[in-house]
Amino acid sequence: MSLSKILAQKVSLLDMPNLIMRKILEDFGFCSILQLRKVCRELRHFIDDSQLPPVLLESLSVQINSDMIVMEIEIEQYCPTTVYYAQCKNGCIVEWEKRREIQRILMKNVNFLAVFCNDLNGILRSANFKRLYLPQADELRRNICREEQNPNETGKLGFWKRMKACFRKMKQAREPIRSRADPDEVKSEILNFTQNILKSRARLFEVRELQMSVANQNDVMKIMPFVNRKTLREVKIVEHCYIDSFNYQTDHCLKGFELDLILPLLKTTPSIAIEKFLVTEPIETFLGFEHSYAKFERLSKEDLWKVKNKLIHSLTPISFFFIQVEKFEMEDLREVFGPVSNSGGLYGTLWCYGISGSSDVNVVYMRSDNILEIIRRTDFGYRSLYHRMGFIVH
Amino acid sequence: MSVENAPVVDVDEAAIPVEKKMYYRFESNDKKEFRVSELAIQQSETLNRLVEAMGYTSEDVENKPAIAIENIDGKTLKLVFQWCEHHKGEAIPVDDGSVPKIVEIPEFDAKLMDIDNGLLFKLIWAADYLNIVQLLNVSCKKVANMAQGKTPAQLRRVYLLPSDEEDEAAKRAAQEAQDPRAREVEEEFEERKRQGGNSFF
């Protein structure tokens, strides 16, 4: 449409030239852009195609179940908004809290996953995050487990109570949670969808702290290649259904986790944690990180020597290093780390190493849960505290 | 309305040319004439280059016909020149590529832009066409601010936008008006789809 023609009639936002539209959209806040995407298809396409510079938000966390997704987004620090997407018989219920009031909408004849994916698309296209937890099944699964195990306790879980009341109100029979689609299938679908969104971004996705609960490294590789490595500071990978086996007592059935594809992408990332998996890589892999957490099936005496040589006498400060094995042999530990600095008690078993020319100490804790924790104590006075307590400082 | 009879609007009413200032005459597409000071014109890169290229003297400005701005109507152009007069002599901001830009809307601009949204969009068009950087910045900011805290339905009203359904209906109507066979083809396609045919051809 020509300019004179436009100016002769009533003009709308969509009649603006592309450059001006872009300029206007750059001034929109993140929330307004999300709302604007819902206005009409043409505008949605324009927003998606114009690849506006993403805003940096605090955190995004997604918890997934077979018939419900809980998304928590923190646009400003300490102000999280929780949105629930639940499937009901004839559509999707979306519930969130706005100005301390519960808002709820029923979207007829749509799948809850489609509604969630539409929102996720808008969010991931236009924002980077300091922290991303995707998908994080833990909390939700814990609630579900708790509900199934202790039906009397459900009253304490506000959301479930409200949802049930809502379903009753609409006279809809709620099917048992576990009879629906496999939550892992839903999770896999969301991971694939997320991969496609990140792939379509003009710029790499930026996140400082990435936490994923996954089945194997292929799940991680759906996201990692699209993440800007320069901004990635911390990666935490958790076995995706560990919550079903609640505590450390059942850790003996942990699955192995391969890292060969991920490691080349983490060369500049200072911190790594692999939880509820047994890592298959050699110990050296983890010694290169500033912070690391990993569990090994077993560590030989040679491995312990490598840990000691690399970390205990290292001048570059490590913040923490955790290794866990099925069982440490105290004989091996004594041989490698020397006589213990204390004789048990409140502090457990520990070895304390002074750092020459510094008041810092490196401490090796042998924890009761078979975790060997190596930590640099930079707090003022730790060294003299250990001295006063009669600990041997090596 | 002939040019001779057209009303002449002195945009810079407060500053009647006492000293020797050059006032250019511009004419909108609905034949409204405006007198704008040389300094105010500098806010518009397009007009500034135009008058420089013309090289008018004070006599030429008075004797030659007003410079026509074909694409902009009088109502919009009045707002543009009022803005230029108020901000004359101010430095023109340089785009440093930062996003989002920190733009504050001064009180005068806020009052000037207290107009219906259709006119505001025309003002943006005109600011872009005449390359008035700061006016474009503040007007875009104003449009963006209008979205704050609005639902999609409210945004549709504010920005004069159609919903997906209305848009679809309008497109279909336009298509039908252009090609009456289109509807028939579409219906045939839907029918074949219902019958389970894999290919339309």
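Every heavy atom of this structure was used, including side-chain atoms; hydrogens, water molecules and symmetry mates were not. What you are looking at is a predicted structure, and each value in this text was computed from that prediction instead of being measured.
Ranked by non-hydrogen atom pairs under 4.5 Å with chain B, the options A:Cys40, A:Cys31, A:Ser32 are led by A:Cys40. In terms of non-hydrogen atom pairs under 4.5 Å with chain B, the most contact-rich of A:Leu36, A:Leu34, A:Ile20, A:Ile33 is A:Ile20. Chosen from A:Lys38, A:Met16, A:Arg37, the residue pairing most often with chain B at heavy-atom distances under 4.5 Å is A:Met16.
Between A:Pro17 and B:Asp128, the closest heavy-atom pair is CG-OD2, 4.1 Å. Nearest heavy-atom pair, A:Leu13 versus B:Phe121, reported as atom, atom and distance to 0.1 Å: N-CE1, 3.7 Å. Of all non-hydrogen atoms in A:Val39 and B:Pro152, the two that sit nearest each other are CG2-O, 3.6 Å. When every heavy atom of B:Asn137 is checked against every heavy atom of A:Lys23, the shortest pair comes out as OD1-NZ, 2.6 Å.
Rounded to the nearest 0.5 angstrom, B:Met146 CE and A:Ile24 CD1 are separated by 9.0 Å. B:Leu136 contributes atom CG, which lies 10.0 Å from atom CG of A:Leu19 (distance to the nearest 0.5 angstrom). Once rounded to the nearest 0.5 Å, the distance linking CD of A:Gln35 with CD of B:Gln148 reads 12.5 Å. Taken from CG in A:Asp27 to CG in B:Asn145, the straight-line distance is 7.5 Å, to the nearest 0.5 Å. Between B:Tyr159 atom OH and A:Leu14 atom CG the span is 11.5 Å, to the nearest 0.5 Å.
Neither the backbone nor the side chain of B:Lys142 has a heavy atom closer than 4.5 Å to any heavy atom of chain A.
Remark: B:Glu104 CD is loosely packed, at most 12 non-hydrogen atoms of other residues, nucleotides or ligands lying under 6.0 Å away. In this structure, B:Lys150 places its NZ atom where more than 12 heavy-atom neighbours from other residues, nucleotides or ligands lie under 6.0 Å away.
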